[in-house]
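A quick write-up on the structure given underneath.
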Amino acid sequence: MTATCVILDIGGVLEITPETGWVQRWEERLRLPLGTVHERMHDVWRAGSVGSISEREVREQVAARLGLDAPQVEAFMADLWAEYLGTPNEELIAYVQGLRGSCRLGILSNSFVGARERETTLYHFDELVEQIVYSHEIGVEKPDLRAFEAACASLDVRPENCLFIDDVVINVVAAQAAGMQAHLFEGNARTVTRIAAHLNAGPLAPEQVPLG
């Protein structure tokens with residue numbers, strides 16, 4: 001329980017995920033007003049992010065709510081996953097690979113049903129870190145404090161010895177509220193510097209644990 005730990009987000013950190021405009025293209029193709037797809041699919045996206053719906057059910061809802069036939073559903077979902085998965089942040093991934101054995105390593109990601117299988121196949125995150133905690137598998141999303149607790153529990157580490165890295169301010173603030181150290185990802189160079197400082201400081205001894 002005294003190990004130093006680094007826990008990273010995926011989208012926007014380990015993956016580079018710019019918006020591709022795929023939703024707008026589908027709305028234009030289907031001659032729907034802008035915003036219609038998210039309006040009709042909002043609860044499905046939410047269900048997928050906390051694992052209360054299966055991939056098959058997502059596809060069925062896409063077909064029913066947007067009036068798509070089977071080939072269109074496949075194309076729609078392919079566009080969704082293309083934006084979701086983005087491209088690997090190879091520089092940061094290579095740095096994290098070099099940390100293995102020197103600290104505990106984990107991932108905490110707000111996700112979508114089917115993400116683990118695709119990210120394992122494409123990016124092998126399961127080989128990069130010891131534990132991956134996906135929101136669709138635990139039923140809780142960041143910034144809920146239970147998500148951070150689950151990540152620490154999965155690695156058997158104390159929150160105060162963990163550095164959490166995310167590209168969303170509210171998640172960084174929540175990690176701090178959960179007792180973790182946290183860093184807002186704004187680029188690889190500053191993040192590498194922050195991780196190095198965290199590892200050089202080492203884990204906190206019991207008498208060093210912050211109170212409040």
Side-chain angles (χ1 to χ4, degrees), residues 5-20 22-23 35 37-62 65 76-77 79-86 88-89 92 96 104-120 122-123 125-126 128-160 162-186 191:
C5 177
V6 177
I7 300 176
L8 303 102
D9 177 40
I10 294 181
V13 178
L14 292 173
E15 292 171 355
I16 301 168
T17 54
E19 292 186 4
T20 63
W22 71 276
V23 171
V37 168
H38 286 312
E39 180 181 329
R40 294 184 183 178
M41 301 300 301
H42 174 75
D43 61 323
V44 175
W45 300 153
R46 171 63 183 165
S49 71
V50 294
S52 60
I53 191 172
S54 68
E55 281 197 78
R56 177 183 58 79
E57 290 168 327
V58 170
R59 292 170 183 269
E60 289 173 352
Q61 290 300 317
V62 167
R65 298 185 184 201
F76 181 93
M77 295 303 296
D79 286 346
L80 180 155
W81 283 113
E83 179 175 285
Y84 181 101
L85 296 167
N89 184 347
L92 184 59
V96 174
R104 306 300 301 273
L105 291 170
I107 282 173
L108 174 61
S109 175
N110 284 355
S111 54
F112 195 75
V113 60
R116 180 181 289 272
E117 295 81 0
R118 289 169 173 83
E119 287 172 333
T120 295
L122 283 176
Y123 303 137
F125 289 145
D126 60 320
L128 180 68
V129 301
E130 298 166 67
Q131 297 289 336
I132 304 177
V133 176
Y134 284 108
S135 68
H136 76 275
E137 294 177 348
I138 64 171
V140 176
E141 285 188 298
K142 298 172 291 185
D144 191 310
L145 297 187
R146 291 174 294 174
F148 302 98
E149 292 167 359
C152 291
S154 73
L155 289 162
D156 192 26
V157 292
R158 290 172 16 203
E160 60 270 17
C162 288
L163 174 64
F164 175 69
I165 298 163
D166 201 295
D167 62 322
V168 178
V169 171
I170 192 173
N171 294 336
V172 170
V173 172
Q176 292 170 331
M180 304 170 76
Q181 301 177 56
H183 172 73
L184 179 65
F185 179 86
E186 296 178 310
T191 298

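- Glu137 contributes atom CD, which lies 10.0 Å from atom OG of Ser109 (distance to the nearest 0.5 angstrom).
- In this structure, the separation between CG on Asp126 and CD on Gln131 is 11.0 Å, given to the nearest 0.5 Å.
- The two residues Ile138 and Ala150 have their closest heavy-atom pair at CD1-CB, 4.1 Å.
- By the side chain to side chain donor-acceptor pair (under 3.5 Å) test, Tyr134 is found to be paired with Glu119, residues two or more places apart in sequence or in another chain being considered.
- Two residues are said to be in side-chain contact when any heavy atoms from C-beta on lie closer than 4.5 Å; Leu155 and Ile7 meet this criterion.
- Of all heavy-atom pairs spanning Thr17 and Gly11, the tightest one is OG1-C, 4.0 Å.
- Here the CD-CG distance, from Glu15 to Asp167, works out to 11.0 Å after rounding to the nearest 0.5 Å.
- Scanning both residues, Cys152 and Cys162, for their nearest heavy atoms gives SG-SG, 4.1 Å.
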Before giving the answer on side chain to side chain contact (heavy atoms under 4.5 Å, CB included), spell out for Met41 and Val23 the whole-Å C-alpha distance, their side-chain angles and the decisive distance to 0.1 Å.
CA-CA 11 Å; Met41 301 300 301; Val23 171; over 6 Å; no

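- Using a 4.5 Å heavy-atom cutoff, the side chains of Val58 and Val44 are in contact.
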Chi angles and distances behind the side chain to side chain contact (heavy atoms under 4.5 Å, CB included) call for Thr120, Ile132
CA-CA 10 Å; Thr120 295; Ile132 304 177; 5.6 Å; no

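- Crowding of Glu117 atom CD: a count of heavy atoms from other residues, nucleotides or ligands under 6.0 Å exceeding 12.
- A pairwise comparison of heavy atoms in His183 and Val172 identifies O-CG2, 3.7 Å as the closest pair.
- Between Ile10 atom CD1 and Ser111 atom OG the span is 7.5 Å, to the nearest 0.5 Å.
- Rounded to the nearest 0.5 angstrom, Asp9 CG and Ile107 CD1 are separated by 9.0 Å.
- The aromatic rings of His38 and Trp45 stand perpendicular to each other, their planes meeting at an angle above 60°, with 30° marking the opposite boundary.
- Using a 4.5 Å heavy-atom cutoff, the side chains of Lys142 and Val168 are not in contact.
- The side-chain heavy atoms of Asn89 and Phe185, taken from C-beta on, include a pair separated by under 4.5 Å.
- Nearest heavy atoms, Asn110 versus Tyr84: O-OH, 3.9 Å.
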Side chain to side chain contact (heavy atoms under 4.5 Å, CB included) between Leu105 and Leu128, intermediate numbers included:
CA-CA 8 Å; Leu105 291 170; Leu128 180 68; 6.0 Å; no

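- Interatomic distance, Ser54 OG to Arg59 CZ, rounded to the nearest 0.5 Å: 10.0 Å.
- Applying the side chain to side chain donor-acceptor pair (under 3.5 Å) criterion to Arg146, with sequence neighbours excluded, gives Asp144.
- Taking the ring centroids of Phe164 and Phe148, they lie under the 6.0 Å cut-off.
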Side chain to side chain contact (heavy atoms under 4.5 Å, CB included) for Val169 and Leu184? Distances and angles first, verdict last.
CA-CA 6 Å; Val169 171; Leu184 179 65; 3.8 Å; yes

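- The shortest non-hydrogen separation linking Gln176 to Ala182 is CG-CB, 3.8 Å.
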